[in-house]
Amino acid sequence: MAIKAPRGTFDILPDRATLWNRVEAAARKVFHLYGYGEIRTPIFESVKLFASSIGETTDIVEKEMYIFQKGRETYALRPEATASVVRAYIEHNLHKTRAFQKFYYIGPMFRAERPQAGRFRQFHQIGVEAIGSADPLLDAECITMAADLFGELGVGGFTITLNTLGTDESRGRYREVLSLHLRQNRDALCENCRARIERNVFRALDCKVEGCRRITRSGPNVQDHLTDADRESFEKVTNALTGAGVAHEVDGFLVRGLDYYTGLVYEFLHGGLGAQNAICAGGRYDHLVADRGGPDVGATGFALGMERLIMALVDAQRGEAKDPRTPQVMLVNVGDEPRTRIFQLVLELRRRNVAAEMDHEARSTKAQMRAANRLGAPFVAVIGEDELESGRLKIKNMHTGEETPATFDTIADVLTSKLKAPAPKHSES
RNA sequence: GUGGGUGUAGCUCAGUUGGCAGAGCGCCAGAUUGUGGUUCUGGAUGUCGUGGGUUCAAAUCCCAUCACUCACCCCA
């Protein structure tokens, strides 16, 4: 027990991996339905990419990146993937063939934070990015898609909260009135928020300190400072969601921490996840593509925390998944003699798409039977000297106890027909 | 980076005023030396996180340290 997995990381063992696979499969299914294509970008990128995209003054960039140097270049393990997807979009000139493209990604991200419930140093996100459009209906599509994914998996108990920061004009106006309000109440603010007035006023809205909360909540609300165009655009999203039957609420004080967000922002909050209750969050980033040297096009997307999603699944008793290793037949040996023949039989069965298993622990016949039962094998064949000599054997149905005669030559045929015919009454799904 | 909680068998955890380290589950074996589940019987497994201190004696008290965990910060 000398070396352990690094703090904030964890192993996904086979029993648990089936659940992860189920989640990923559900995401792919839903996303493909919505016309999103998978993109896989490097796990590490030039540190400059993240610093300039996410924001120099964000915690992520200031203290949470895993940075390493190789030669002249300094790299960072990706703390999120939006910057990478945008980089790829520009690098491959995707806008020149088809300006509007929809992507999704699934993979690990890295942030050197102190771990706690629902937060890890290597964590996994499922995210989407729709690049090349400023259509509010696209935001509605993203939100609906995420809601559909939760529905597909059977996860409930979350609320969708949205807000808009407005375009530059609205945001500028709001920044002014908000700063003014905070400056007037400066003395009552926490130290952090006082600094935020200068650094990034909007983040003061996120503060959890009771006193700060009271001050911000009693102050101006973004929703009251939107231009007509911004208001209209925001309403298009909320109306579309209502039309889609996606329950949501508006919170005029919701903001997001990453610098590239503009306009619409939203969060899916789940009860029962502990303090880190945002299971999915996203919004618009209409300037990022142009800022990174690409065309001036709008973009929107979200990221979903897989660890948190899986926590919610388990919480909702929807965390079970069928074990893909379950053998369909176990060939039990009596004594060591038949093992070579069994090895050949097992291979033959597998090559005919029958999941067959044999003993590799030199265990007793009884122990092998017990193992077959525990593994959930619906059929078992016991092979000893008698069978080797006669070439005849019996295939035992573990549910009914019924035994069907076969030979070494016909076992594969008998099994395949048995397996496909009455589908042993294991519950599926 | 800051604060709280917890470290005892593979897992979940008991362990009294300091006195031989335990239970449940799981695992292994046996109950007609070729057949599973249920049941019964038996069995194995410990750096009591680590290092030091107090004591005749420490899982237990003290100090340090590490790990895990929850929360703050921030975020998915």
Side-chain angles (χ1 to χ4, degrees), chain A residues 1-10 15 54-55 57-64 79-82 105-127 146 158 190-193 195-196 200 203 206-209 255-258 261 266-270 273-283 301-312 330-335 337-338 361 363-388 393-401 403:
Chain A
M1 263 268 281
I3 298 178
K4 299 200 286 187
R7 168 184 290 239
T9 71
F10 56 91
D15 282 340
I54 298 168
T57 65
T58 58
D59 280 12
I60 293 179
V61 169
E62 279 184 342
K63 51 189 190 193
E64 294 174 2
E80 56 109 53
T82 300
Y105 57 85
I106 299 175
M109 308 294 160
F110 306 84
R111 292 181 200 172
E113 303 176 275
R114 192 76 163 259
Q116 75 187 72
R119 181 165 63 197
F120 303 90
R121 291 185 167 181
Q122 172 173 337
F123 60 105
H124 300 77
Q125 286 187 333
I126 297 176
F158 60 86
C190 72
E191 205 177 318
N192 241 324
C193 283
R196 283 171 175 141
N200 188 339
R203 241 174 274 158
D206 253 350
C207 191
K208 283 178 186 165
V209 176
V255 290
R256 304 222 42 76
L258 279 45
Y261 283 114
Y266 51 88
E267 283 181 345
F268 288 54
L269 263 34
H270 190 279
L273 288 189
Q276 309 305 320
N277 58 354
I279 198 171
C280 175
F302 66 72
L304 191 156
M306 287 188 77
E307 285 79 5
R308 294 177 189 179
L309 174 56
I310 281 169
M311 244 196 281
M330 178 91 174
L331 300 190
V332 170
N333 60 282
V334 180
E337 189 69 11
E361 294 172 281
R363 304 178 70 174
S364 69
T365 306
K366 179 186 225 157
Q368 290 179 62
M369 289 299 293
R370 204 169 21 223
N373 188 65
R374 189 172 42 215
L375 291 170
F379 295 102
V380 162
V382 177
I383 298 170
E385 271 177 55
D386 297 352
E387 286 78 6
L388 277 187
L393 48 82
K394 297 195 200 78
I395 297 168
K396 176 170 182 173
N397 181 318
M398 292 292 273
H399 298 296
T400 63
E403 295 193 314

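Below, read A as the first sequence line, B as the second, and so on, with proteins coming before strands; counting in each chain starts at 1.
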Touch check for A281(A), heavy atoms < 4.0 angstrom, all strands: base, sugar-phosphate only, or nothing?
-> sugar-phosphate
Take atom NZ of K63(A) and atom C1' of rC73(B), then tell me their distance rounded to the nearest Å.
-> 6 Å
Any strand is fair game: report the nucleotide pairing with rU35(B) by Watson-Crick or G-U wobble, both distances under 3.5 Å, or none.
-> none
Rounded to whole Å, the CG-C1' distance (L273(A) to rC70(B)) equals 14 Å
Could you measure between the two C1' atoms, the one in rG19(B) and the one in rU65(B), and give it in whole Å?
-> 29 Å
Separation of E64(A) atom CD from rA76(B) atom P, in whole Å?
-> 10 Å
M311(A) CE to rC75(B) C1': how many Å, rounded?
-> 13 Å
Going 5' to 3' through nucleotides 27-40 of chain B and flagging B where a protein heavy-atom sits under 4.0 Å of the base, S where only the sugar-phosphate is that close, and - otherwise, we get SSS-B--BBBB---
Looking only at atom C1', what distance separates rA44(B) and rC28(B), rounded to whole Å?
-> 7 Å
With P as the reference atom in both, quote the distance from rU41(B) to rG26(B) in angstrom, rounded to an integer.
-> 15 Å
Those residues that, when tested against R114(A), pass side-chain contact (heavy atoms from CB on, under 4.5 Å) (two or more places apart) | R7(A)
If you draw a 6.0 Å radius around CD in E337(A), do more than 12 non-hydrogen atoms from other residues or ligands fall strictly inside?
-> no
Touch class at under 4.0 angstrom, heavy-atom based, for I126(A) against every strand present | nothing
Under 3.5 Å on both distances, the Watson-Crick or G-U partner of rA71(B) = rU2(B)
Across the strands shown, which category fits G127(A) at heavy-atom distances under 4.0 angstrom: base, sugar-phosphate, nothing?
-> nothing
Would you say E403(A) has more than 12 foreign heavy atoms packed within less than 6.0 Å of its CD?
-> yes
For the pair R308(A) (side chain) and G118(A) (backbone), establish whether a donor and an acceptor sit closer than 3.5 Å, ignoring hydrogens and angles.
-> yes
rA58(B) pairs with, by Watson-Crick or G-U criteria that keep both distances under 3.5 Å | none
Distance, rounded to the nearest Å, where R7(A) contributes CZ and rU69(B) contributes P | 8 Å
Can you tell me how far P in rG53(B) sits from the matching atom in rU60(B), rounded to whole Å?
-> 14 Å
Complement of rA64(B), any strand, by Watson-Crick or G-U distances under 3.5 angstrom | rU50(B)
Under the side-chain contact (heavy atoms from CB on, under 4.5 Å) test, which residues partner M306(A), sequence neighbours left out?
-> W20(A), V23(A), E24(A), I106(A), H124(A), I126(A)
Can you tell me how far P in rG43(B) sits from the matching atom in rU6(B), rounded to whole Å?
-> 35 Å
Return the value, rounded to whole Å, for the distance between atom CG of D206(A) and atom P of rA76(B).
-> 10 Å
C1' spacing across the pair rA9(B) / rC25(B), given as an integer number of angstrom | 12 Å
Scanning all shown strands, the Watson-Crick or wobble mate of rA29(B) with both distances under 3.5 Å is rU41(B)
I54(A) CD1 - rC75(B) C1' separation (whole Å) = 11 Å
Is the backbone of R363(A) close enough, under 3.5 Å, to the side chain of Q368(A) for a donor and an acceptor to pair up by distance?
-> yes
Nearest listed nucleotide, side chain of A275(A), among rA76(B), rC73(B), rC72(B) = rC72(B)
Expressed as a whole number of Å, how far does the P atom of rU69(B) sit from that of rC13(B)?
-> 14 Å
For atom CZ of F10(A) and atom C1' of rA76(B), their distance in whole Å = 12 Å
Can you find an N or O donor on one side and an acceptor on the other, under 3.5 Å apart, linking the side chain of E267(A) with the base of rC75(B)?
-> no
Look up atom CE in M109(A) and atom CD1 in I60(A), then write down how far apart they are to the nearest 0.5 Å.
-> 11.0 Å
Roughly how far apart are L309(A) CG and F158(A) CZ, rounded to 0.5 Å?
-> 10.0 Å
Gap in Å between the two C1' atoms, one belonging to rA59(B) and one to rA21(B), rounded = 8 Å
RNA chain B: I279(A) or R114(A), which has the more 5' nearest nucleotide?
-> R114(A)
Would you indicate, yes or no, if rA76(B) has its OP1 or OP2 atom less than 4.0 angstrom from a side-chain nitrogen or oxygen of Q276(A)?
-> no
Across all strands, who's sitting opposite rU12(B) as a Watson-Crick or G-U wobble pair, both distances under 3.5 Å?
-> rA23(B)
Flag, side chain of R121(A) to backbone of T9(A), donor-acceptor distance under 3.5 Å | no
